[in-house]
Structure formats: structure tokens, C-alpha cells
Chemist: 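Attaching a single structure in C-alpha cells format; questions to follow.
Note that the numbering runs from 1 along the sequence shown for the chain. None of these values were measured; they are calculated from a predicted model.
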Amino acid sequence: MSLATDSPVHSSSSGDFAAFLDAELDSISSDSSPNEEEVNDEFNSDSSDSSPNEEAENDSEIESQRIKRCRVETVENIEDPKGSTSHGSLEQNLDVSKGSLFKLDFLQMMTRLRPFVRMFLKEASQMFEMYIYTMGDRAYAMEMAKLLDPRREYFDARVISRDDGTQRHQKGLDIVLGQENAVLILDDTETAWTKHKGNLILMERYHFFASSCHQFGFNCKSLSELKSDESDRDGALASVLKVLRKIHHMFFDELVDNLDDRDVRQVLKIVRKDVLKGCKIVFTRVFPTQFQADNHHLWKMAEQLGATCSRDLDTSVTHVVSQDAGTEKSRWALKNKKFLVHPRWIEAANYLWQRQPEENFPVNQPKNH
């Protein structure tokens with residue numbers, strides 16, 4: 001999962017790094033307050049509601065609950081160190097309220113931690129036994145583990161790198177202690193888990209640096225270029241934390257099967273199908289000509305999210321998905337007061353696990369209008 005995004009510190013170009021520094025300086029000057037350092041310290045604290053004496057008195061009960069609750073495990077992925085790059089150099093670590101940028105001399109790279117990561121790890125660790133699993137090498141994995149978990153509260157020695165894998169260019173649960181029916185995977189690369197897609201929660205990549213967008217073929221401005229960043233409250237990590245809470249509750253508190261017979265993959269399907277439940281979708285100008293529509297990934301994605309997909313228009317249709325407002329079906333949607341949305345509306349719902357406001361995904365008018 002994109003808990004961080006990385007960049008080499010040496011490059012012939014400095015435009016992306018300059019854009020980042022501009023964003024950070026603006027952020028510090030406009031958003032900083034005397035309490036910001038205190039807030040960041042709280043995210044890193046290991047405080048709990050019980051004192052050491054109280055924990056000792058209830059040791060057996062707590063241990064019993066820990067064993068029960070940790071049967072569902074979370075596998076965390078740190079983005080491949082080659083996945084996102086920026087340019088320039090930094091002489092010291094720079095911490096700001098909306099995220100962190102660190103220079104790692106040993107690896108000759110800079111790393112940007114994703115907003116909300118501290119709180120995410122703290123709260124997720126109360127529900128799951130967590131692993132770091134990265135396609136980076138062992139040295140990279142251990143350096144990132146130090147940044148994410150300096151007190152070894154969340155992962156301890158559960159750090160897996162590509163050097164530990166049993167399959168080239170693939171990740172597998174064969175080196176994770178846990179049964180497949182009780183493991184959740186958070187990752188931004190679906191192709192790395194060909195044998196375990198049923199366990200996967202696909203995450204949106206964290207494109208903070210401009211070179212990250214270029215690396216993965218996105219023709220858009222990065223967050224640093226926009227002088228912006230993800231929201232703590234509504235960003236990717238906050239959204240997936242809500243999903244994890246729901247899955248955890250259903251797995252332990254709602255299923256009536258014996259614990260050994262429960263399957264988190266079935267729970268994941270149920271939760272996913274709630275996202276677009278009640279929506280009936282027709283596509284236009286989205287799939288290539290002569291393409292079998294129901295084989296397209298957007299069609300399949302919409303159905304996995306609980307929507308009904310159709311080739312024909314009728315009064316029960318709620319959404320027309322298109323890239324062109326000038327098609328016949330697009331005009332029908334506007335005339336009949338149906339939602340006309342861009343395909344990104346489905347993708348956003350898939351990443352954020354909730355139906356997104358349709359007005360945020362408008363369809364462009366034809367160029368000749």
C-alpha cells in the first residue's frame with residue numbers, strides 16, 4: 001500500500017523538488033500553529049486507556065481477546081522504491097503538519113509519508129496483526145519500517161521484502177503466518193497478487209511527486225505541483241480504515257459460523273457490493289468499438305460494487321457513464337434527469353469504498369459546442 005512515496009536525491013532536474021518546497025513553505029506559513037508539534041507527537045505516542053497495573057490485573061482476559069481479534073491479519077505493502085521519483089536534494093529532515101519528508105542517506109533517496117499514516121497504523125493495529133510486505137529489497141524495507149514504526153509497536157519483526165519471496169515479481173501469503181481466509185491485503189498493485197485477489201483491497205497510489213505521475217502514465221498534475229495533499233479526514237487511508245473497521249466487526253461479531261469456518265474474502269465481497277447498491281448503469285463512448293462490454297474492467301468493477309449494468313436505456317437506469325456528453329445516451333440522461341458521470345466516478349467509488357457525489361465527475365461537452 002502507498003504508505004510512502006520515494007525519490008532519489010540526485011538528479012539533473014530540480015523543478016519537481018522546487019514545486020514541493022514551494023508547497024511546504026506555503027503550508028508552514030499559512031497553516032502552522034504552536035500546537036502542531038504536539039499533535040504530531042500524539043500520533044506517535046504509545047499511550048493507552050489502561051495503566052500497566054490494570055493491564056496486569058486483566059492479563060488473561062486481554063490475552064484471550066487478543067488471540068480472538070488478531071485472527072484477521074493485515075498485510076501492509078510499501079510502494080516499490082522505483083515507483084515514484086522527484087528531483088533535487090535536502091540537507092536535513094523536514095517534518096510538516098500535513099505529512100513528512102525524510103532524506104535517507106543510506107539509500108540516497110527522499111521519502112514522503114502519506115497523510116494520516118500515523119493514526120492509521122495506531123488504530124489498525126488495535127484490530128489486526130500487521131505485516132509490511134514490499135517489492136523493495138531488504139535494506140529499503142528495514143529503512144521504511146524504521147520511519148513508519150520507530151518504536152516497533154505495530155510490525156515488530158514482521159517485515160517482508162522481495163528477498164524473502166518465493167515467486168519472482170509476485171507476492172504470496174505462503175510467507176505470512178495466517179490462514180488465507182483470515183488475511184486482508186492492502187496494496188496499490190493488483191498484479192502482484194494474482195493468487196490472492198479475493199483478499200485484496202486495492203489502494204489508490206499516492207502521487208505526491210510529479211515524476212510519480214509520469215512513471216505510471218498519468219497525464220495530470222501531482223499533489224506537489226498543485227501545492228496540495230490528501231486530506232487526513234477524507235483521504236485514502238482514512239477511507240480504508242473505515243472499511244477495515246466494518247470488515248472486522250462483521251467477521252467477529254455478525255457471522256454465525258465457527259471462527260475457523262469464517263472467510264474474510266466473503267465479508268469483503270459483501271462490503272464491496274454495498275458501495276453502488278441500487279445504481280443501474282449504462283455506458284456510452286467508454287469501451288472500444290466491437291469490445292465485449294461485460295468483459296471490460298469498468299463493467300466488472302461496477303458489478304463488484306453492487307451496481308447493475310445494462311446495454312439498454314429504460315426508466316430504471318440511474319446513471320449514464322460516458323466520456324462525451326454529445327452521445328445519444330448522454331443526451332437522454334440529461335433530458336430525463338439521470339446522472340451523467342465520467343468513468344472516474346466508478347473508479348473513485350472503488351478506491352474510496354463509498355458512492356461519490358456525481359457532480360464532482362462531470363462529462364465534457366463535445367468540442368464543437
Chemist: Could you label the plane-to-plane angle of the His248 and Phe252 rings as parallel, tilted or perpendicular, counting under 30° as parallel and over 60° as perpendicular?
Modeler: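 Aromatic pair His248/Phe252 classed tilted.
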Chemist: Quick one: do Asp260 and Arg262 make a salt bridge, cutoff under 4.0 Å?
Modeler: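 No, Asp260 and Arg262 are not salt-bridged.
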Chemist: Under 3.5 Å, is there a donor-acceptor pair between the side chain of Thr194 and the main chain of Thr191?
Modeler: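 No, the answer is negative, given that no donor and acceptor are paired below the 3.5 Å cut-off.
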Chemist: Would you sort out whether Asn199 and Trp193 count as a side chain to side chain donor-acceptor pair (under 3.5 Å), showing the intermediate values?
Modeler: CA-CA 9 Å; Asn199 301 80; Trp193 296 96; over 6 Å; no
Chemist: Measure from the side-chain N and O atoms of Ser212 to the backbone N and O of Phe208, and report whether any donor-acceptor pair falls under 3.5 Å.
Modeler: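 No; zero donor-acceptor contacts below 3.5 Å.
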Chemist: Would a 4.5 Å heavy-atom cut-off, applied to side chains only, mark Pro343 and Gln323 as touching?
Modeler: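 Result yes, sub-4.5 Å side-chain heavy-atom pair found.
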Chemist: Side-chain contact test, heavy atoms from C-beta onward, threshold under 4.5 Å: evaluate it for Arg245 versus Glu123 and give yes or no.
Modeler: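 Result yes, sub-4.5 Å side-chain heavy-atom pair found.
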Chemist: Looking at Arg233, is its backbone amide N or carbonyl O close enough to the side chain of Ser231 to form a donor-acceptor pair, meaning the two atoms are under 3.5 Å apart?
Modeler: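 Answer holds: yes.
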Chemist: Quick one: closest heavy-atom pair of Glu204 and Tyr351, and the distance?
Modeler: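 Closest approach of Glu204 to Tyr351: N-CD2, 3.3 Å.
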Chemist: The test is side-chain contact (heavy atoms from CB on, under 4.5 Å); show your working for Thr134 and Ile160 and say whether it passes.
Modeler: CA-CA 6 Å; Thr134 174; Ile160 301 171; over 6 Å; no
Chemist: What ring-ring contact (aromatic ring centres under 6.0 Å, His included) pairs are there with at least one residue in residues 159-191, not counting sequence neighbours?
Modeler: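 For residues 159-191, and leaving out neighbouring residues, there are no ring-ring contact (aromatic ring centres under 6.0 Å, His included) pairs at all.
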Chemist: Compare all side-chain heavy atoms of Tyr154 with those of Ile132 and state whether any distance is below 4.5 angstrom.
Modeler: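 Heavy-atom side-chain distance check fails, nothing below 4.5 Å.
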Chemist: Apply salt bridge (Lys or Arg N to Asp or Glu O under 4.0 Å) to the pair Asp149 and Arg151, showing each step before the final yes or no.
Modeler: CA-CA 6 Å; Asp149 189 16; Arg151 299 175 185 174; over 6 Å; no
Chemist: Could you tell me whether the side chain of Asp164 and the main chain of Ser161 form a donor-acceptor pair under 3.5 Å?
Modeler: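 The answer is yes, because a donor-acceptor pair under 3.5 Å joins these two groups.
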Chemist: Please identify each residue that fulfils ring pair (Phe, Tyr, Trp, His ring centres under 6.0 Å) with Phe287, with sequence neighbours left out.
Modeler: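 With neighbours one apart ignored, the set is Phe283, His296.
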Chemist: If I take atom NE2 from residue His207 and atom OG from residue Ser224, how far apart are they, to the nearest 0.5 angstrom?
Modeler: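 Here the interatomic distance stands at 12.0 Å.
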Chemist: Can you find a heavy atom in the side chain of Ile185 that is under 4.5 Å from one in the side chain of Tyr133?
Modeler: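 Side chain of Ile185 against side chain of Tyr133, heavy atoms only: no contact under 4.5 Å found.
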Chemist: For Ala124 versus Met130, what's the shortest heavy-atom pair and its separation?
Modeler: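 Smallest heavy-atom distance, with atoms named: CB-SD, 3.8 Å.
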Chemist: Where do Val240 and Met203 land on the side-chain contact (heavy atoms from CB on, under 4.5 Å) test, with the steps shown first?
Modeler: CA-CA 8 Å; Val240 80; Met203 297 289 298; 3.8 Å; yes
Chemist: Is it the case that more than 12 heavy atoms not belonging to Glu328 sit under 6.0 Å from its CD atom?
Modeler: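 Not buried by this count: 12 neighbours or fewer within 6.0 Å.
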Chemist: Hey, what do you get for CG (Asp261) to CG (Leu255), rounding to the nearest 0.5 Å?
Modeler: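 Nearest 0.5 Å value for the CG-CG distance: 10.5 Å.
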Chemist: What's the spacing between Met135 CE and Thr189 OG1 if we round to 0.5 Å?
Modeler: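 One gets 8.5 Å once the value is rounded to the nearest 0.5 Å.
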Chemist: Just how far is it from atom CG of Leu276 to atom OG1 of Thr318, taken to the nearest 0.5 Å?
Modeler: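 Going from CG on Leu276 over to OG1 on Thr318, the span is 9.0 Å.
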Chemist: Going from CZ on Phe116 to CG on Leu121, what distance comes out if it is rounded to the nearest 0.5 angstrom?
Modeler: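 These two atoms lie 10.0 Å from each other.
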Chemist: If we only count heavy atoms from C-beta on, is the Tyr131 to Leu177 side-chain gap below 4.5 Å?
Modeler: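 Yes - at least one pair of side-chain heavy atoms lies under 4.5 Å apart.
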Chemist: Is a side-chain N or O of Ser322 found less than 3.5 angstrom from the main chain of Ala325, in a donor-acceptor match?
Modeler: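 Such a contact is absent between Ser322 side chain and Ala325 backbone.
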Chemist: Between Arg331 (side chain only) and Gly326 (backbone N and O only), is there a donor and an acceptor less than 3.5 Å apart?
Modeler: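 Between the backbone of Gly326 and the side chain of Arg331 there is a qualifying donor-acceptor contact (under 3.5 Å).
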Chemist: Taking salt bridge (Lys or Arg N to Asp or Glu O under 4.0 Å) as the definition, give me every residue that meets it alongside Glu190, ordered by chain and number, with sequence neighbours left out.
Modeler: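 Salt bridge (Lys or Arg N to Asp or Glu O under 4.0 Å) list for Glu190, sorted by chain: empty.
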Chemist: So if I apply the side-chain contact (heavy atoms from CB on, under 4.5 Å) rule between Ile346 and each of Val286, Val341, Ile281, which one comes out positive?
Modeler: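 Exactly one pass, corresponding to Ile281.
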Chemist: Could you give all pairs that pass the salt bridge (Lys or Arg N to Asp or Glu O under 4.0 Å) test and reach residues 271-295, with sequence neighbours left out?
Modeler: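 Checked against salt bridge (Lys or Arg N to Asp or Glu O under 4.0 Å) - neighbours excluded - the pairs reaching residues 271-295 are Lys246-Asp274, Lys280-Asp314, Arg285-Asp324, Asp294-Arg311.
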Chemist: May I ask you to say whether Arg205 pairs ionically with Asp188, meaning some side-chain N is under 4.0 Å from a carboxylate O?
Modeler: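 Salt bridge present between Arg205 and Asp188.
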Chemist: Please examine the side chains of Leu237 and Val117, heavy atoms only from C-beta on, and report whether any two atoms are closer than 4.5 Å.
Modeler: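 Result yes, sub-4.5 Å side-chain heavy-atom pair found.
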Chemist: Could you give me the CA-CA distance, side-chain angles and deciding distance for Val159 and Met142, then say whether side-chain contact (heavy atoms from CB on, under 4.5 Å) is met?
Modeler: CA-CA 7 Å; Val159 180; Met142 297 309 298; 3.9 Å; yes
Chemist: Taking side chain to side chain contact (heavy atoms under 4.5 Å, CB included) as the definition, give me every residue that meets it alongside Asn295, ordered by chain and number, with sequence neighbours left out.
Modeler: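 So Asn295 forms a side chain to side chain contact (heavy atoms under 4.5 Å, CB included) with Phe291, Gln292, Lys300.
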Chemist: Quick one: side chain to side chain contact (heavy atoms under 4.5 Å, CB included) partners of Asp312, sequence neighbours excluded?
Modeler: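 Scan of Asp312 (side chain to side chain contact (heavy atoms under 4.5 Å, CB included), adjacent residues dropped) gives Ser310.
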Chemist: What pairs with Asp156 under side chain to side chain contact (heavy atoms under 4.5 Å, CB included), at least two apart in sequence or on another chain?
Modeler: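 Expected list: Arg152, Arg158.
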Chemist: Looking at every heavy atom in both Gly172 and Ile175, which two are closest together, and how far apart are they?
Modeler: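 Here Gly172 and Ile175 meet closest at O-CG1, 3.7 Å.
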Chemist: Determine, using the 4.5 Å side-chain heavy-atom cutoff (strictly less than), whether Phe218 and Leu352 are members of one ILVMFWY cluster.
Modeler: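 No, no single cluster joins them.
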Chemist: For Ser222 and Phe209, run side-chain contact (heavy atoms from CB on, under 4.5 Å): C-alpha distance rounded to whole Å, both residues' side-chain angles, the deciding distance at 0.1 Å, then the answer.
Modeler: CA-CA 6 Å; Ser222 66; Phe209 299 114; 5.7 Å; no
Chemist: My understanding is that only residues two or more places apart in sequence, or in another chain, count here; which of them pass ring pair (Phe, Tyr, Trp, His ring centres under 6.0 Å) with His319?
Modeler: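 Once residues adjacent in sequence are excluded, the partners of His319 under the ring pair (Phe, Tyr, Trp, His ring centres under 6.0 Å) criterion are Phe339, Trp345.
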Chemist: Output a table of donor-acceptor pairs, distance under 3.5 Å, between side-chain atoms of residues 263-271 and any protein atom two or more places apart or on a different chain; print 'none' if there are none.
Modeler:
from	atom 1	to	atom 2	distance (Å)
Asp263	OD1	Arg265	N	2.9
Asp263	OD1	Arg265	NE	2.9
Asp263	OD2	Arg265	NE	3.4
Asp263	OD2	Arg265	NH2	3.0

Chemist: In plain terms, say whether Asp229 and Arg114 are close enough for a salt bridge, that is, a side-chain N and a carboxylate O under 4.0 Å apart.
Modeler: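 Arg114 and Asp229: not salt-bridged.
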Chemist: Please report the interatomic distance CG(Asp174) to CD(Gln167), rounded to the nearest 0.5 Å.
Modeler: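 CD of Gln167 is found 6.5 Å from CG of Asp174.
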Chemist: Which ILVMFWY residues can you reach from Val282 by hopping between side chains whose heavy atoms are under 4.5 Å apart?
Modeler: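 Val282 shares its hydrophobic cluster with Leu313, Val317, Val320, Trp332, Leu334, Leu340, Val363.
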Chemist: A side-chain contact here means heavy atoms from C-beta on lying under 4.5 Å apart; do Trp353 and Lys242 qualify?
Modeler: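 No; the side chains remain at least 4.5 Å from each other.
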Chemist: For Ser330, does its backbone N or O pair with a side-chain atom of Thr327 as donor and acceptor, under 3.5 Å?
Modeler: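 Yes.
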Chemist: Is any side-chain heavy atom of Leu107 closer than 4.5 Å to one of Tyr140?
Modeler: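 Of all side-chain heavy-atom pairs linking Leu107 with Tyr140, at least one is under 4.5 Å.
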Chemist: Check this for me: does any side-chain nitrogen of one of Arg118 and Asp232 sit under 4.0 Å from a carboxylate oxygen of the other?
Modeler: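 No salt bridge links Arg118 with Asp232.
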Chemist: Sorted by first residue and then second, give each salt bridge (Lys or Arg N to Asp or Glu O under 4.0 Å) pair with at least one member in residues 336-348; sequence neighbours left out.
Modeler: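 Found none.
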Chemist: For Thr315, what residues pass the side chain to side chain contact (heavy atoms under 4.5 Å, CB included) criterion, not counting sequence neighbours?
Modeler: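 Per chain and number, Thr315 pairs via side chain to side chain contact (heavy atoms under 4.5 Å, CB included) with no residue.
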